Each structure stands twice: as structure tokens, then as C-alpha cells.
Amino acid sequence: MATENNRDKRIMLKHLAIIMDGNGRWAKSRGLERIEGHQRGVDSVTSVVEECLKQGIRYLSLYAFSSENWGRPQDEVNALMELLLHFVRMQREKMQQNGIRLKVIGDVSKLSCSVREALEETIAATSAGECLTLTLALSYGGRDEIVRALKKMATELCHGGLSLEDLNPELLCRYLDTADLPDPDLLIRTGGEKRISNFLLWQSAYTELYFTDVQWPDFNGVELCKALHDFQQRNRRFGLIDEQLTPDQKEKCH
Ligand code: FPP
């Protein structure tokens with residue numbers, strides 16, 4: 001683990017986002033049902049959350065259920081919802097104890113009442129958490145999020161709350177589900193595929209990407225440390241040259 005001294009020299013990593021892929025293949029390769037891969041995936045979530053707390057990472061965003069995942073076989077959708085329900089209920093107290101604030105992004109109106117209620121209760125119970133903001137992307141799609149944001153802006157434009165001259169990227173950010181989150185510094189995708197799959201499309205414009213063949217149920221704190229080490233070797237310039245970086249950007253870079 002990093003000491004306070006060498007932590008200071010590390011590139012700031014405030015926000016880590018993860019596409020947790022490979023549960024189904026992990027299960028299939030062991031002759032198990034897909035859902036058993038998802039069940040083991042919950043242990044990986046716990047392990048990664050613990051490592052984030054240890055490493056002082058302030059924001060962790062997990063792609064837990066995409067807007068496209070509704071199209072999976074109904075049994076698998078139901079099982080995933082059950083796992084989620086169990087997770088947010090059972091982890092509530094532990095989150096409170098560890099200073100974890102739960103947040104959800106996505107079109108939650110599509111979730112069942114029981115899942116929504118459990119989420120709302122845990123979000124309320126953990127709202128004072130100051131160590132780590134754990135964001136679950138549920139019924140989430142980046143394009144859908146942008147369209148929902150545009151609809152809110154268009155409504156305000158029509159009612160005179162906004163004028164065309166107000167429109168700029170910073171304003172749009174304020175209408176996204178992630179309005180209170182910094183952009184992700186690092187996006188990890190497990191399971192061997194090398195794509196973004198509609199996750200945090202707007203927010204990941206300058207995010208560093210890390211792809212690993214490790215399937216999500218085999219991902220843990222040790223694998224996360226490998227990704228963090230890789231991130232530390234990156235040179236982030238945000239489209240500029242080194243000499244142009246502002247102190248704020250330099251702080252993110254070094
Ligand atoms: C992708 O693997 C994973 C998902 C669609 C669901 C992720 C869910 C969990 C890890 C468990 C529940 C989460 C929480 C936060 C409690 P895949 O099924 O697409 O795998 P494959 O590509 O091998 O088929």
C-alpha cells in the first residue's frame with residue numbers, strides 16, 4: 001500500500017469507473033449458470049470498494065445494469081435485480097460505518113418499486129458519507145442520459161429559464177445524472193472486450209482507459225492495484241502540451 005509520502009507524488013485519481021464484464025463467460029467456462037457468475041461478481045464489488053477506501057479514491061462508479069440489459073432473458077434480469085436488492089439492503093449498515101455515500105444514475109423509473117425503495121432508503125441512510133461516493137449505474141445508457149439532460153434543458157428554454165446563449169458544455173454537465181461527480185480519471189473494463197458500451201459517454205472525454213482480460217468475478221483488490229499502477233505511468237495532457245497545463249490540471253497530472 002502507498003505511504004502518505006509517495007501518495008503525494010502519485011497522479012491524482014479522484015474518480016474510478018468500472019465496466020464489470022465477464023460474469024457470464026466466467027460461469028460458463030466452469031459449467032455454471034450465468035447467474036452464478038453475477039453472484040461471484042458481487043464479491044468482486046465488495047473487494048474493489050474496500051480497496052478504493054484503502055487507496056483514498058473518492059468516487060467509484062460501477063456499470064451494474066445497462067439500459068440494454070433489459071433485453072436479456074427475464075430470468076437473468078430478475079436474478080440481477082434480486083442481487084441488487086440484496087446488496088443495497090445488506091450493505092447499508094456497512095456503508096454507513098465506512099463513510100460510503102450511495103448514489104444511482106440511470107433511468108430509475110424503469111426499476112421495480114421494491115428496488116427503488118431499497119435504493120432510496122440506502123441513499124438516504126448513507127447521505128452523510130464522506131469517504132467514498134459509490135455510484136451504481138442502473139438502467140443506465142450514456143446516450144439516454146444525454147437525451148434526458150437535453151429534454152430538461154429544452155423545457156427550460158421553452159419556459160424562458162434558459163436562453164440559447166447560455167448553452168455550453170459546462171451547462172449540459174449540470175443536467176446530467178452525474179452533475180455532482182467529477183469526470184472519471186480512469187475507466188477499467190474487465191472481461192477482455194475493448195469498448196465503452198454506452199457508459200459515461202460525455203464524462204469520459206479525457207478519461208484514461210484500462211482493459212484487462214480478467215473476468216469480473218476474478219477481479220479484486222490486487223487486480224485493481226495493477227490498474228492503478230498502470231494509471232500512474234500515464235501522461236495526461238487534456239489535449240494541451242505540458243507547458244500549457246494550468247496548476248489545476250497539473251495537480252491532476254502529477
Ligand atoms: C456483465 O457481465 C455484467 C453485468 C451485466 C451485471 C453486473 C452485475 C454484477 C457484478 C452483480 C450485481 C452488482 C451489484 C453492484 C450488486 P456479462 O453477463 O455481460 O458477462 P459476459 O459478457 O461474460 O456474458
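Being a predicted model, the structure only gives us computed values, none of them experimental. Heavy-atom basis, side chains included; hydrogens, waters and symmetry copies ignored. Indexing begins at 1, ligand by ligand and atom by atom, following the structure's order.
- Of all the atoms in ligand 1, the ones that sit under 4.0 Å from a non-hydrogen atom of A64 are 6 (C), 7 (C), 8 (C).
- Residue L80 has no nitrogen or oxygen atom sitting less than 3.5 Å from a nitrogen or oxygen atom of ligand 1, judged on distance alone.
- Counting the atoms of ligand 1 from 1 in the order shown, those under 4.0 Å from a heavy atom of W216 are 10 (C).
- Taking 4.0 Å as the cut-off, R72 counts as a neighbour of ligand 1 on heavy-atom distance.
- Under the 30°/60° scheme for interplanar angles, the aromatic rings of Y140 and F199 are found to stand perpendicular.
- Residue W26 shares its hydrophobic cluster (ILVMFWY side chains chained together at separations under 4.5 Å) with L32.
- Interface atoms of ligand 1 facing F87, defined by a heavy-atom separation under 4.0 Å, are 16 (C).
- At least one heavy atom of D21 sits closer than 4.0 Å to an atom of ligand 1.
- For ligand 1, the polar-atom distance check against R25 finds a nitrogen or oxygen pair separated by under 3.5 Å.
- A distance of 9.0 Å separates CZ in R89 from OG1 in T122, rounded to the nearest 0.5 Å.
- Look at G22 and you'll find a heavy atom under 4.0 Å from some atom of ligand 1.
- Note on D144 versus K110: no salt bridge recorded, every NZ/NE/NH1/NH2 to OD/OE distance being 4.0 Å or above.
- Atoms CD and OG, from E156 and S163 in turn, are 11.5 Å apart once rounded to the nearest 0.5 Å.
- Summary of contacts: the protein heavy atom closest to atom 10 (C) of ligand 1 is N23 ND2, 3.5 Å.
- Residue R34 approaches ligand 1 through these ligand atoms, each under 4.0 Å from one of its heavy atoms: 17 (P), 18 (O), 24 (O).
- Nearest to atom 4 (C) of ligand 1 among the protein's heavy atoms is H38 CE1, 4.0 Å.
- Remark: K94 engages E50 in a salt bridge, criterion side-chain N to carboxylate O under 4.0 Å.
- Protein heavy atom closest to atom 12 (C) of ligand 1, with residue, atom name and distance, is V42 CG2, 4.0 Å.
- The nearest heavy-atom contact from the protein to atom 3 (C) of ligand 1 is M20 O, 3.1 Å.
- Rounded to the nearest 0.5 Å, atoms OG1 (T212) and NZ (K194) are 9.0 Å apart.
- A distance of 10.0 Å separates CG of L164 from CE of M153, quoted to the nearest 0.5 Å.
- Expressed to the nearest 0.5 Å, how far CZ of R234 lies from CG of L209 amounts to 7.0 Å.
- Closest to atom 15 (C) of ligand 1, if we only count protein heavy atoms, is L136 CD2, 3.8 Å.
- With sequence neighbours left out, the ring-ring contact (aromatic ring centres under 6.0 Å, His included) criterion links F65 to W70.
- Each of the atoms 5 (C) of ligand 1 lies under 4.0 Å from some heavy atom of N69.
- When non-hydrogen atoms are compared, ligand 1 lies under 4.0 Å from neither the backbone nor the side chain of E82.
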